[in-house]
Amino acid sequence: KNACAFFSQGVYSFRFSSQKNLGTLITIGINSITSPSWFTDILEIHPFVIIVDNDLNVLDYWHKRLASMQLNIISFNLVNQFLTWFNQRDLNLHYTFIVDYEYAHNDITGIEILNQLNLSHENGYLISHNYDRVKLQHQLEQYPIKVIPKSSINDLTILFTSKY
């Protein structure tokens with residue numbers, strides 16, 4: 001009884017129904033919750049996709065995942081190389097930026113990169129293993145940035161967009 005009372009307070013509910021000579025039916029319910037405003041499971045991409053991640057395996061994965069879409073993909077595993085390219089980019093082209101949250105040997109975060117370069121949720125996405133960290137979630141509430149958890153990249157819906 002105590003366990004049922006505990007779980008019924010949260011997102012779970014339990015219901016027991018017993019009938020003599022038939023047995024007991026236990027129903028476990030999981031209440032639906034609303035996704036946070038910063039979460040997205042849809043990636044809207046422009047013809048030019050820029051990926052910044054210090055993990056070469058992640059960069060390789062993105063190239064394979066996007067290969068069938070006939071996009072122009074540019075990837076960077078060093079933040080400084082990306083920032084140099086960004087300052088010299090063709091301003092007439094439309095880009096989608098996929099930026100990792102943390103970088104080895106670098107103090108800047110993906111949130112700082114997206115904000116400093118004025119890349120909003122319209123064309124900038126943050127990728128992170130650490131989307132469930134409270135500190136990160138508080139930062140995300142302050143900025144119009146969409147986050148794609150690295151664990152859900154395989155389930156991500158990718159849409160080609162012509163919005164500019």
Side-chain angles (χ1 to χ4, degrees), residues 7 9-12 30-164:
F7 283 110
Q9 293 174 8
V11 295
Y12 305 103
I30 301 174
N31 300 331
S32 64
I33 58 173
T34 304
S35 296
S37 61
W38 46 261
F39 172 80
T40 188
D41 57 356
I42 298 173
L43 174 63
E44 293 186 34
I45 55 175
H46 295 285
F48 290 85
V49 178
I50 312 306
I51 307 164
V52 186
D53 199 309
N54 62 317
D55 186 337
L56 296 176
N57 291 323
V58 172
L59 293 176
D60 185 51
Y61 174 82
W62 278 112
H63 279 272
K64 290 176 182 172
R65 178 85 199 272
L66 300 173
S68 67
M69 299 187 78
Q70 299 178 345
L71 302 166
N72 297 292
I73 302 169
I74 304 171
S75 58
F76 299 92
N77 69 326
L78 299 173
V79 172
N80 292 340
Q81 288 177 342
F82 165 68
L83 294 174
T84 299
W85 171 87
F86 185 86
N87 292 324
Q88 300 169 358
R89 76 193 184 285
D90 185 340
L91 297 175
N92 295 314
L93 300 177
H94 300 282
Y95 302 94
T96 297
F97 297 89
I98 300 172
V99 180
D100 191 21
Y101 175 64
E102 292 181 309
Y103 299 92
H105 313 296
N106 203 318
D107 291 336
I108 194 166
T109 67
I111 291 176
E112 293 167 328
I113 292 170
L114 291 169
N115 283 325
Q116 288 174 10
L117 302 179
N118 201 25
L119 302 172
S120 70
H121 68 280
E122 297 281 327
N123 60 347
Y125 294 87
L126 187 71
I127 299 289
S128 180
H129 282 297
N130 302 310
Y131 64 92
D132 56 349
R133 285 188 185 167
V134 173
K135 178 184 174 185
L136 175 58
Q137 291 177 5
H138 287 303
Q139 290 176 310
L140 293 169
E141 290 171 2
Q142 301 172 26
Y143 306 106
I145 296 172
K146 294 292 184 183
V147 176
I148 301 167
K150 282 190 178 178
S151 60
S152 68
I153 291 175
N154 287 332
D155 301 320
L156 190 63
T157 299
I158 301 175
L159 303 174
F160 187 79
T161 182
S162 59
K163 292 189 302 186
Y164 298 116

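Numbering starts at 1 and runs along the sequence shown.
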Does some side-chain heavy atom of D41 sit less than 4.5 Å from a side-chain heavy atom of T157?
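In short, these two side chains do not touch, never coming nearer than 4.5 Å.
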State, yes or no, whether a side-chain contact exists between I51 and I73 at a heavy-atom distance under 4.5 Å.
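Heavy-atom side-chain distance check passes, below 4.5 Å.
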Among Y125, F48, F86, exactly one meets side chain to side chain contact (heavy atoms under 4.5 Å, CB included) together with F97. Which residue is that?
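For F97, the side chain to side chain contact (heavy atoms under 4.5 Å, CB included) check succeeds only for F86.
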Nearest heavy-atom neighbours spanning [X] and [Y]:
X	Y	result
Y95	R89	OH-CB, 3.7 Å
T40	I42	OG1-O, 2.9 Å
V52	Y103	O-OH, 3.2 Å
S128	L136	OG-CD2, 3.9 Å
L59	S75	CD2-CB, 3.7 Å
D90	N92	OD1-N, 2.9 Å

Hey, what do you get for [atom1] ([X]) to [atom2] ([Y]), rounding to the nearest 0.5 Å?
X	Y	atom1	atom2	answer
T96	L66	OG1	CG	9.5 Å
I127	I98	CD1	CD1	6.0 Å
I145	Q139	CD1	CD	8.5 Å
W62	L71	CH2	CG	11.5 Å
Y143	L126	OH	CG	12.0 Å
L159	T161	CG	OG1	8.0 Å

What do the steps show when you test L117 against L83 for side chain to side chain contact (heavy atoms under 4.5 Å, CB included), and what is the final call?
CA-CA 9 Å; L117 302 179; L83 294 174; 3.9 Å; yes
Looking at D107, I'd like to know if its CG atom is crowded, meaning that more than 12 non-hydrogen atoms belonging to other residues, nucleotides or ligands lie closer than 6.0 Å.
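Counting neighbours around CG of D107, 12 or fewer heavy atoms of other residues, nucleotides or ligands fall under 6.0 Å, so no.
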Could you check whether K150 pairs with D55 (Lys NZ or Arg NE/NH1/NH2 to Asp/Glu carboxylate O, under 4.0 Å)?
no
[X] side chain vs [Y] backbone, donor-acceptor pair below 3.5 Å:
X	Y	result
K146	S37	yes
Y101	V147	no
R65	I153	yes

From the options N130, N54, T109, select the one residue that forms a side chain to side chain donor-acceptor pair (under 3.5 Å) with E102.
N130
With sequence neighbours excluded, tell me which residues meet ring pair (Phe, Tyr, Trp, His ring centres under 6.0 Å) with F76.
F82, W85
Do the side-chain N and O atoms of Y61 and N154 include a donor-acceptor pair separated by under 3.5 angstrom?
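Their side chains do contain a donor-acceptor pair, which is all the 3.5 Å distance test asks for.
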